[in-house]
Enquirer: 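Here's a structure for you.
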Amino acid sequence: MAKDKKKKPQRPKAQNPRGFRDYFGAEVTERNAMLSRITEVYHAYGFDPLESPAVETVEALGKFLPDVDRPNEGVFAWQDDEDWVALRYDLTAPLARVYAQYRNELPTPYRRYSVGPVWRNEKPGPGRFRQFYQCDADTVGTPTVAADAEICGMLSDALEAVGIECGDYVVRVNNRKVLNGVMEVAGILDLSEPERFTTERGIVLRAIDKLDRLGPDGVRALLGKGRKDESGDYTDGANLSDEQTDIIMNFMDARRDDGAATCVRLRELVSASEIGMTGVLELETIAELSEAQGYGSDRILIDPSVVRGLGYYTGPVFEAELTFEILDEKGRPRQFGSVAGGGRYDDLVKRFTGQEVPATGISIGVDRLLAALREKSFKNNSEAGPVLVTVMDRDRMVDYQTIVAELRNAGLRAEVYLGNPKNFGNQLKYADTRNAPVAVIQGSDERDRGVVQIKDLALGKALAANIQSNEEWKAQPAQFEVARAELVDAIKKMIERANG
RNA sequence: GCCGACGUAGCUCAGUAGGUUAGAGCACUAGAUUGUGGAUCUAGGGGUCCCCCGUUCGAGCCGGGGCGUCGGUACCA
């Protein structure tokens, strides 16, 4: 083909790198509003804000050492002189570093919250990005279960503070020690040989975590021989015997009507295991404390089927789940599922100091929670636009800029039209696309008479709902005239009325 | 990682037994109409038809390979 007819410049593709996305207008303001409500709750519980850099040394992040072959596995890492550094992949590892570094100056227990983006160098999936927000609160330096119970209560408060009502969510609590007890009873945990059966335990953990998605039969398959999914992919199972599988399945099914009854059932299941009994005791304490603070089982629920997939938890684990259903675009019911998770991890700081530092905390999945809120509030993501000051005479920009400055000084969001003012209609079209509530118009005629025209665009739009023909539309100006001096007050009133 | 669908303008998509200069709607820009918003008219800009190799006189279309997007599944500090 004769492609050489005209030499064309190679244009850069206007596209973000895979796994990263852009956030516009309301997406950003809504998220900010949500985060500030959550952090207010954290703050009220006595937690201090902490802002640490987005970049940490790879050494401090742990686990992923600068392997020459694949230094970027999991994280975005690069070499800074001799040292390897990386973007943080969560907010917990930086906390461990900060606590170890400043342990002499920080109070113990140290309670802090942290909000910000984190990065993971992984293949992005549906709804999963390589940059996303986390909103964490952790208590470092105390082993008391009261700290865990407090985190659960605080999570409950935070969810209600952002507008999720009691009954539309539940904080489910379990304890890894109970699970370990069950595995001990099932014969896949031997405390004298902790390394044995690590693979099996990992599979069991992840299998239980998938209960809601795969159902009991799917989990049973994963505990036994393994499972083949619809796409033909095969997942290895833990190869447990039927008896062992039953023990695990009984455990997942141990939930009763209230925390006390569930704990009674758990005692039966793990009575042969010391660590299991310790775990049950902790669960009972959490249930008791929660109850005493007014969080009934409609808010905080002991649920043995919660395990969290991750391996580093050592005690209580929590998960907040939204329970209301949403119909997707095809009318099928869909659940939002987990929006926050956390638990106790007692070994993170040890890497730095050599001392055991128990810690417990929670991480809220900001983007998921935001999506849920948006669905629930009927996607009102049409943010109010600015007041638009139109340009009738292009050599009177000074006048228009004066008006806009007055509006801004009065606390109103406002802008002057900066496009080509030649076609006045285009200015109002622009106001429409900006979702502007009001347009201000002043031509030479109005200027001479010391007045301005105020056009109520929101009202006009509302009136237009019943309008069929273009003539009728034109006949409803939804517009009035005020003295120039009263401009700001008039608009202020209009906007207040519209909001109110 | 594995399975599947898809890849043509900024967006949504047409297209053809392989055949000149690849189209539409929306969006954008500019002019008709010298001061009034949703569907007035006209014109214009904008494309390596995902990339490479092959078949062919000729490939957006056919074949092979690759990359990417989306969905499912696995993994996830």
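So that the names make sense, note that chain A is the first sequence line, chain B the second, and so on, each numbered from 1.
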Enquirer: For A:E446, answer base if it contacts any base atom (sugar-phosphate contacts may also be present), sugar-phosphate if it contacts only those atoms, and nothing otherwise; contact means non-hydrogen atoms under 4.0 Å.
Expert: base
Enquirer: Do the side chains of A:R176 and A:V317 get nearer than 4.5 Å, heavy atoms only?
Expert: yes
Enquirer: Mind checking who B:A59 pairs with, Watson-Crick or G-U wobble, both distances under 3.5 Å?
Expert: none
Enquirer: With distance as the sole criterion, is a donor-acceptor pair present between the side chains of A:Q131 and A:R120 under 3.5 Å?
Expert: no
Enquirer: What distance do A:L91 atom CG and A:Q134 atom CD have between them, rounded to the nearest 0.5 Å?
Expert: 5.0 Å
Enquirer: Rounded to whole Å, please give me the gap between CD in A:E122 and P in B:A74.
Expert: 15 Å
Enquirer: If pairing requires Watson-Crick or G-U wobble contacts with both distances under 3.5 Å, which nucleotide is the partner of B:C49?
Expert: none
Enquirer: Could you check which nucleotide pairs with B:U73 in any of the strands shown, counting Watson-Crick or G-U wobble with both distances under 3.5 Å?
Expert: B:G1
Enquirer: Base, sugar-phosphate, or nothing for A:R213, non-hydrogen atoms under 4.0 angstrom?
Expert: sugar-phosphate
Enquirer: Nearest to the side chain of A:K210, which nucleotide is it out of B:A74, B:U36, B:G35?
Expert: B:A74
Enquirer: What is the separation between atom OH on A:Y430 and atom C1' on B:U36, rounded to the nearest whole Å?
Expert: 18 Å
Enquirer: Looking at A:Y23, does the NZ or CZ of A:R31 lie under 6.0 angstrom from its six-membered ring centre and within 45 degrees of the ring axis?
Expert: yes
Enquirer: Would you measure the distance from the P atom in B:U20 across to the matching atom in B:U29 and give it in whole Å?
Expert: 34 Å
Enquirer: With nearest nucleotide decided by heavy atoms, which residue, A:T433 or A:G443, maps closer to the 5′ end of RNA chain B?
Expert: A:T433
Enquirer: Whole angstroms only, please: what is the CD1-C1' distance between A:I441 and B:U34?
Expert: 16 Å
Enquirer: Would you say B:G37 has OP1 or OP2 under 4.0 Å from some side-chain N or O of A:R434?
Expert: no
Enquirer: Could you tell me which nucleotide pairs with B:G44 by Watson-Crick or G-U wobble geometry, both distances under 3.5 Å, or answer none if nothing does?
Expert: B:C28
Enquirer: What residue pairs, at least two apart or across chains, pass side chain to side chain donor-acceptor pair (under 3.5 Å) with a residue in residues 202-221 of chain A?
Expert: A:R220-A:D246
Enquirer: Whole Å only: how far is the CG atom of A:N435 from the P atom of B:G38?
Expert: 15 Å
Enquirer: Among the nucleotides B:U36, B:G37, B:G35, which one has an atom lying closest to any side-chain atom of A:D445?
Expert: B:G35
Enquirer: Quantified in whole Å, what is the C1' atom distance between nucleotide B:G4 and nucleotide B:G45?
Expert: 39 Å
Enquirer: Between A:A93 and A:L214, name the one whose nearest nucleotide on RNA chain B is closer to the 5' end.
Expert: A:L214
Enquirer: Does A:Q453 get its side chain close enough to the base of B:G35, under 3.5 Å, for a donor-acceptor pair?
Expert: no
Enquirer: Nearest-Å distance, CD1 (A:I203) to P (B:C76)?
Expert: 11 Å
Enquirer: Under 4.0 Å, counting only non-hydrogen atoms across every strand here, what does A:N420 touch: a base, just sugar-phosphate, or nothing?
Expert: sugar-phosphate
Enquirer: Given that both distances must come in under 3.5 Å, which nucleotide forms a Watson-Crick or G-U wobble pair with B:G38?
Expert: none
Enquirer: From B:A74, B:U69, B:G37, pick the nucleotide closest to the side chain of A:R18?
Expert: B:U69
Enquirer: Below 4.5 Å, heavy atoms only, C-beta onward: do A:M397 and A:L418 meet side chain to side chain?
Expert: yes
Enquirer: Just how far, in rounded Å, is P of B:G35 from CD of A:Q479?
Expert: 15 Å
Enquirer: Closer than 4.0 Å, any side-chain N/O of A:K429 to the OP1 or OP2 of B:A27?
Expert: no
Enquirer: Can you tell me how far C1' in B:C49 sits from the matching atom in B:A59, rounded to whole Å?
Expert: 11 Å
Enquirer: Expressed in angstrom and rounded to an integer, what is the separation of A:L61 atom CG from B:C76 atom P?
Expert: 18 Å
Enquirer: A:K422 side chain: which of B:C75, B:A32, B:U36 is closest?
Expert: B:A32
Enquirer: OP1 or OP2 of B:A74 versus the side-chain N and O atoms of A:R206: is any pair under 4.0 Å?
Expert: no
Enquirer: Write down the distance separating the P atoms in B:U56 and B:G15, rounded off to the nearest Å.
Expert: 29 Å
Enquirer: If we take the C1' atom in both B:A74 and B:G64, what is their distance in whole Å?
Expert: 29 Å
Enquirer: Under 4.0 Å: is that the gap between some side-chain N or O of A:K461 and OP1 or OP2 of B:G37?
Expert: no
Enquirer: For nucleotides B:G54 and B:C61, find the distance between their C1' atoms and express it as a whole number of Å.
Expert: 15 Å
Enquirer: What does B:G23 pair with, Watson-Crick or G-U, if both distances are under 3.5 Å?
Expert: B:C13
Enquirer: So what does A:S444 hit on the nucleic acid, given a heavy-atom distance under 4.0 Å: a base, only sugar-phosphate, or nothing?
Expert: base
Enquirer: Determine the Euclidean distance between corresponding P atoms of B:A22 and B:A5; express it in Å to zero decimal places.
Expert: 31 Å
Enquirer: Taking the six-membered ring for Trp, are A:F129 and A:F20 ring centroids under 6.0 Å apart?
Expert: no
Enquirer: Check whether A:T108 reaches the backbone of A:G141 with its side chain - one donor and one acceptor, N or O, closer than 3.5 Å.
Expert: no
Enquirer: Using the C1' atoms only, state how far B:G72 lies from B:C13, rounded to an integer number of Å.
Expert: 26 Å
Enquirer: Can you tell me how far P of B:U40 sits from CZ of A:F424, to the nearest Å?
Expert: 18 Å
